[in-house]
Each structure stands twice: as structure tokens, then as C-alpha cells.
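Keep in mind that what you see is a predicted model, and the values were worked out from it rather than measured.
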Amino acid sequence: MTGVRTRFAPSPTGYMHIGNLRTALYAYLHARKNKGKFILRIEDTDQTRLVEDSIRVIYDSLAVTGLEYDEGPDKGGPVGPYVQSERRPIYREHAEKLLNEGSAYRCFCNKDGNSEKQPTDDPADPILGYDGRCRKLSAAETQEKLAKGLPYVIRQKIDKEGRTIFNDFVYGEITVDHKQLDDQILLKSDGYPTYNFANVVDDHLMGITHVMRGCEYISSTPKYILLYRAFGWEIPEHIHLPHILNESGRKLSKREGSVALSSFLEKGYLPEAILNYIALLGWNPGTEEEFFSKEGLIEKFDIARIGKAPSIFDEKKLLWLNSRHIKARKPEEIHELFLKFYPDAIVNKFDVKQITGLIQGRVEKMSDIPQMVSFLMELDENYSKELFVNKKNKTTLEGSLAVLKDLESLLSGIASWNYDGIYGAVNSYAEAKGVKIGAIMWPLRVAISGLTVTPGGAVEIAELLGKSESIRRISLAIRKL
RNA sequence: GGCCUGUUCGUCUAGUGGUCUAGGACGCUGCCCUCUCAAGGCAGAGAUCACGGGUUCAAAUCCCGUACAGGCCGCCA
């Protein structure tokens, strides 16, 4: 175990939070960048919060985004197991070591909290937390309670004297007075470790060199430092990451809008676009590039360029990046993906590959596809005839009527119904009339689509619709006018 | 309440004492291109660098204070 080792250590909550995904991404990028190892560890020490199948969600999320890990529960590795609930003997052993050395003690206080100081208790002494009463228990008293079979927790002894200074890679030197710290619980009464304890033990045992996590852990990091010292362990590099906020500047939460990776995937965002976007939230490459593939990110990533300020998640920019990533994909690949979003009726009736060719450069997110192509399937016959009037192309109601009448017979006479054939016919008609082609295309488009804005030109749409359907729609427009 | 942290265009950000009359990107507006839209090209609006004091010949950049925001103070992680 040499070189850089980073880890992603999610709790199985049932969904992949986008902020968590960014933490995973940074840890992954840092490992790959430095030819190190990226490890997956499942932190399932809260038995009351277990969510069925949620480990699957973690696997799937990392798989779909391509954040492949070198060691993990399903991959194995030299420092397993990689699921905390399977490591209980390890935590107990370590907790007992501290117990024997006198840097931890058993606490028999119950969970009702009456040994915890509350905010309102004493304004003159504003520091909260456990009051440490069980520290004073004599060995005999402890034995007596133990013999009675009373439940207990193991707490770390933290003296109120002094302070701890640690260096955070992004936030710099952080000092916390020990008065602010209380005797944290290491082992819960159900025998499971707390996050605080398991995290330190595992990060050390798993040889993690760079601890990356959300900045909500900054305040408790001194406690972890104290734990490392109590064990005599080397302290890894700490890299705390600023939060990602929602539009109103609040923490991204499930209640308001999307936070789950799955919801973005369902909306038709490409995994590489999501990765690209979240990478830029709190980090920048130091150049003016913004469009990155995963490989590009690995190449450019540098923890020295992670920022401190929280950032607001802006779906508009994600959308822009998504459309760029859609354009960057090979047509065959993108067609595969689009296929999932085309309504069955479209797939059955049209050459969808051709549609993909038309819309690949215009789709911002794939869930927009049905809406974009629905007019092909069914013409909304109630469209307003005012759509035929377009100032720029100098079209009018009467003019359009005349054009469509001509087109109706002209197009009916076309032998080979393809782009060149249709375009040629329309083009020479325009030339003969001495008008710009737009003056002809406008009424054509409106007639065959019922829209003023279409993905692709009028000819392309006519080709897609086929001869008889195109003529039918033109005739209908004539009647309308 | 205590402690910790943050604050540059609406948003993401560049910026580590002089090159900043603050750069880029998204979004927005307009123009060009164009059979519509999108893409692309060009142009534009948009930031008294949270505020107030210092330090310095010189501060977005250093120091102090204030305000605002977030985090922590769980047998949650």
C-alpha cells in the first residue's frame, strides 16, 4: 500500500446525492491523476437507517458514471472487508485498546439526553455536549454496572485543556479549542461504531492518504486528529469540500428539486455531462476550458485548485454542457441513447435513425425528445393560420395559400421522394417565381408541421413524413386558408 | 448561544500587492449566417471585488472590525 489512496465512503441512503457524487469524483480524479488507488467503502453503521437495496444504488451510480474503484465490497482488496457492518470486531478491538490505555471510558448514561447540556441550560456557559459524568466512575463502580448488564457506550476522553490545530488542504490552518469538544462516543450501545470512530479506524487501516469529504466535517476533524494521536497513527491529508447549494442558496435537499443522480439521468442528462458540470462546481482547471471528458478531467485535476466558497447548482449551465456532450458523441452511440426516449409510435412509424441525425445537434436533454418530435406523429390540426404570416420571409395568408396550391401539385409529381428531389423542386419553383427560398419554405414548414420552429428544415421534415402524409398536410392547410 | 468557515457580474469562476478602467463561461440582448430553430461567428448589457477601518508609494489581493450566509455542537453520517 504505497502511493495515493483515496476513498469514497457513502452511507447507503437509497439514492446518490449529487453533492456526494462530486466528492466521489474528486477522490476518484485525485487517485487516477496520481496513479493511486480509489476505494469504495460502505458506511452502514446506523442500523436504524438501513435502506433496502441501497448498496446496489451506490454500485450502479459509480458504474454509470464510470467512477471505477480498485477496491470495494464487490471487488475485494487487501484491506477488507469494505463494509463497516462487517468490521465490528475491528472497531471493538480498537476501542478496547483505548480503554486499556485510559484514553477512553465506558459510559452508562442513557440516551434521554439529561447528561447532555442543552443550549438554554446556562447562557453563561455556552458550550454544549456531554458533561462527562461517567469519567469519574471508579473501576469498582464500572465493574458493578457491567455485572448488572447495563448497556454502555465507549467514549473518548478529551481534556478541556489546550487546543488542536490541523491543516486542511483547502481551508488552511484550523484551530479548535478543546473547550468546544466533548467526550464523543466511539462505540454505540448496540456495539456498532459511530461514524466518527469507524471513519478514523478505517481510513488508517485502509491506508488512505487523502481524506476527502464535505466541509460539514471540519468542526469534528479535531476530534479525529485526537484519535489518530491516541493511536499513534500518522494523520492523513484532509481535504474538505465546500457545499453545493440550490438556487435559493440553501443546501441541496431532496425536497426542492433534483438532487439524486438518478433524477438527472432520467431527465436525459449524459453521465459525462453531469461529471463535467459538478467537477466545475468548486474546482477549476486554471485555464479557460470548460468542456471536459472524464479523461480530460483526470489530466487536469489538481486538488490545489479546489475553492473554498460554496457554489449554487445551476441547471442551465448543466444543460449547455449536456448539449455539447450530446454533440460530441458518435451518432451511433447517441442513437442508442435516444432510442429510450422516442415514443413507440415514432419508432414504429419512422426512420428514427434519420430523426436522430436531425436532432442530435439540437437536443439539450433527452427528455425533450418526445415533445420535439411529436408533430411528426400527429399534426395538431388546430394550429393558428396566423403562423403562415412571417415578416422576415415576407409571407402572407394569401401568398401562402397560392404557394401551397402550387406546391401541392408540384410535389405530387415528384417521382423520388428524397431530400434532393424535394429540395430541387422547391428551389426551382422559388427561382421561377423570383423569390427567396425562405418565402416558399416557410408556408411549407408550417403546413406540414403546424409549427414555426422545427428540428430540421421543411424539406427534411417532408422527407421524413413521406409523400402522401406531406401532401395530405398541405391539402389540409389549403382548406384552412 | 459558543466555535469554525465563507463572501468577485443573476450563476459558475479567473485573480496570491502594481499588467484589474477586474478576464472567461452559462444565461440575457442585438447583429451576421441560415428554408425555421439550434449550432457557429460577431457585438453588447451586466461586478463601486459584502461593508467600514487600517498597513502600503500602491489592495479584489495583507491586517482588524462589522454585516450577511453556511457548517458543527446526535448512541446521523
- Under 4.0 angstrom, heavy atoms only, what part of the nucleic acid is A:T287 near: base, sugar-phosphate, or nothing? nothing
- Note on the structure: Nearest heavy-atom contact between A:M372 and A:P455 is O-CG, 3.7 Å
- Item | Option passing salt bridge (Lys or Arg N to Asp or Glu O under 4.0 Å) with A:D183 (candidates A:K160, A:K157, A:R135, A:R155) | A:R135
- Task: Decide yes or no, distance alone: a donor-acceptor N/O pair under 3.5 angstrom between the base of B:C72 and the side-chain of A:S220.
- Result: no
- Task: Could you pull out all residues at least two apart from A:N196 that satisfy side chain to side chain contact (heavy atoms under 4.5 Å, CB included)?
- Result: A:Q184, A:T194, A:Y224
- Query: When the C1' atoms of B:U21 and B:G10 are considered, how many whole Å apart are they?
  - Reply: 23 Å
- Taken to the nearest whole Å, NE2/A:H240 to C1'/B:G70 is 15 Å
- Item | Base paired to B:C28 (Watson-Crick or G-U; both N/O distances under 3.5 angstrom) | B:G44
- Query: Is A:R163 touching bases, backbone alone, or none of the nucleic acid, heavy atoms closer than 4.0 Å?
  - Reply: nothing
- Phosphate contact (B:A77 OP1 or OP2) by A:T45 side-chain N/O below 4.0 Å: yes
- Task: Give the C-alpha distance, both sets of side-chain angles, the deciding distance and a yes or no for salt bridge (Lys or Arg N to Asp or Glu O under 4.0 Å) between A:D314 and A:K317.
- Result: CA-CA 6 Å; A:D314 178 16; A:K317 190 149 185 176; over 6 Å; no
- Under 4.0 angstrom, heavy atoms only, what part of the nucleic acid is A:R49 near: base, sugar-phosphate, or nothing? base
Pairs: protein N or O with nucleotides 35-37 of chain B N or O, under 3.5 Å:
from: B:C35; atom 1: O2'; to: A:R445; atom 2: NH2; distance (Å): 2.6
from: B:C35; atom 1: O2; to: A:R445; atom 2: NH2; distance (Å): 3.1
from: B:C35; atom 1: O2; to: A:A458; atom 2: N; distance (Å): 3.1
from: B:C35; atom 1: N3; to: A:A458; atom 2: N; distance (Å): 3.2
from: B:C35; atom 1: N4; to: A:Y419; atom 2: OH; distance (Å): 3.0
from: B:U36; atom 1: O4'; to: A:R445; atom 2: NH1; distance (Å): 3.0
from: B:U36; atom 1: O4'; to: A:R445; atom 2: NH2; distance (Å): 3.1
from: B:U36; atom 1: O2'; to: A:T452; atom 2: O; distance (Å): 2.7
from: B:U36; atom 1: N1; to: A:R445; atom 2: NH2; distance (Å): 3.4
from: B:U36; atom 1: O2; to: A:T454; atom 2: N; distance (Å): 2.7
from: B:U36; atom 1: O2; to: A:T454; atom 2: O; distance (Å): 3.0
from: B:U36; atom 1: O2; to: A:T454; atom 2: OG1; distance (Å): 3.4
from: B:U36; atom 1: N3; to: A:T454; atom 2: O; distance (Å): 2.9
from: B:U36; atom 1: N3; to: A:G456; atom 2: O; distance (Å): 3.0
from: B:U36; atom 1: O4; to: A:G456; atom 2: O; distance (Å): 2.8
from: B:U36; atom 1: O4; to: A:G457; atom 2: N; distance (Å): 3.0
from: B:C37; atom 1: O2; to: A:R362; atom 2: NH1; distance (Å): 3.0
from: B:C37; atom 1: N3; to: A:R362; atom 2: NH1; distance (Å): 2.2
from: B:C37; atom 1: N4; to: A:R362; atom 2: NH1; distance (Å): 3.3

- Can you find a side chain N or O atom of A:N284 that sits less than 4.0 Å from OP1 or OP2 on B:A14? yes
- Item | Interatomic distance, A:K317 NZ vs B:G27 C1' [rounded to whole Å] | 10 Å
- Assign A:Y192 to base, sugar-phosphate, or nothing according to its heavy-atom contacts below 4.0 angstrom with the strands shown. nothing
- Scan every strand shown for a Watson-Crick or G-U wobble partner of B:C57, both distances under 3.5 Å, and answer none if you come up empty. B:G18
- Item | Plane angle bin for A:Y423 and A:Y419 - parallel if under 30°, tilted between 30 and 60°, otherwise perpendicular | parallel
- Message: Using a heavy-atom cut-off of 4.0 Å across all strands, would you classify A:S11 as base, sugar-phosphate, or nothing?
- Response: sugar-phosphate
- Message: Any donor-acceptor pair, under 3.5 Å, between the side chain of A:K327 and the base of B:A39, if you only look at N and O atoms?
- Response: no
- Pick base, sugar-phosphate or nothing for A:E43, based on heavy-atom distances below 4.0 Å to the nucleic acid. sugar-phosphate
- A:K353 NZ/CZ over A:F338 ring centroid, <6.0 Å and within 45° of normal: no
- Using whole Å, report how far CG of A:L280 lies from P of B:G24. 17 Å
- Message: Please tell me if A:R106 has a side-chain N or O lying less than 4.0 Å from either OP1 or OP2 of B:C75.
- Response: no
- Assign the ring pair A:H240 / A:F166 to parallel, tilted or perpendicular, where the plane angle (0 to 90°) is split at 30° and 60°. perpendicular
- If only side-chain N and O atoms of A:K316 are considered, is one of them under 4.0 Å from the OP1 or OP2 phosphate oxygen of B:C26? no
- Using a 4.0 Å heavy-atom cut-off across all strands, classify A:E288 as base, sugar-phosphate, or nothing. sugar-phosphate
- What does B:G2 pair with, Watson-Crick or G-U, if both distances are under 3.5 Å? B:C72
- pair_partner(B:U66), Watson-Crick or wobble, both distances < 3.5 Å, evaluates to B:A50
- Interatomic distance, A:F197 CZ vs B:G74 P [rounded to whole Å]: 19 Å
- Between C1' of B:C73 and OH of A:Y217, the distance in whole Å: 15 Å
- Can you find a side-chain donor-acceptor pair between A:E43 and A:N199 that sits under 3.5 Å? yes
- Item | Spacing between A:R22 atom CZ and B:U13 atom P, to the nearest angstrom | 9 Å
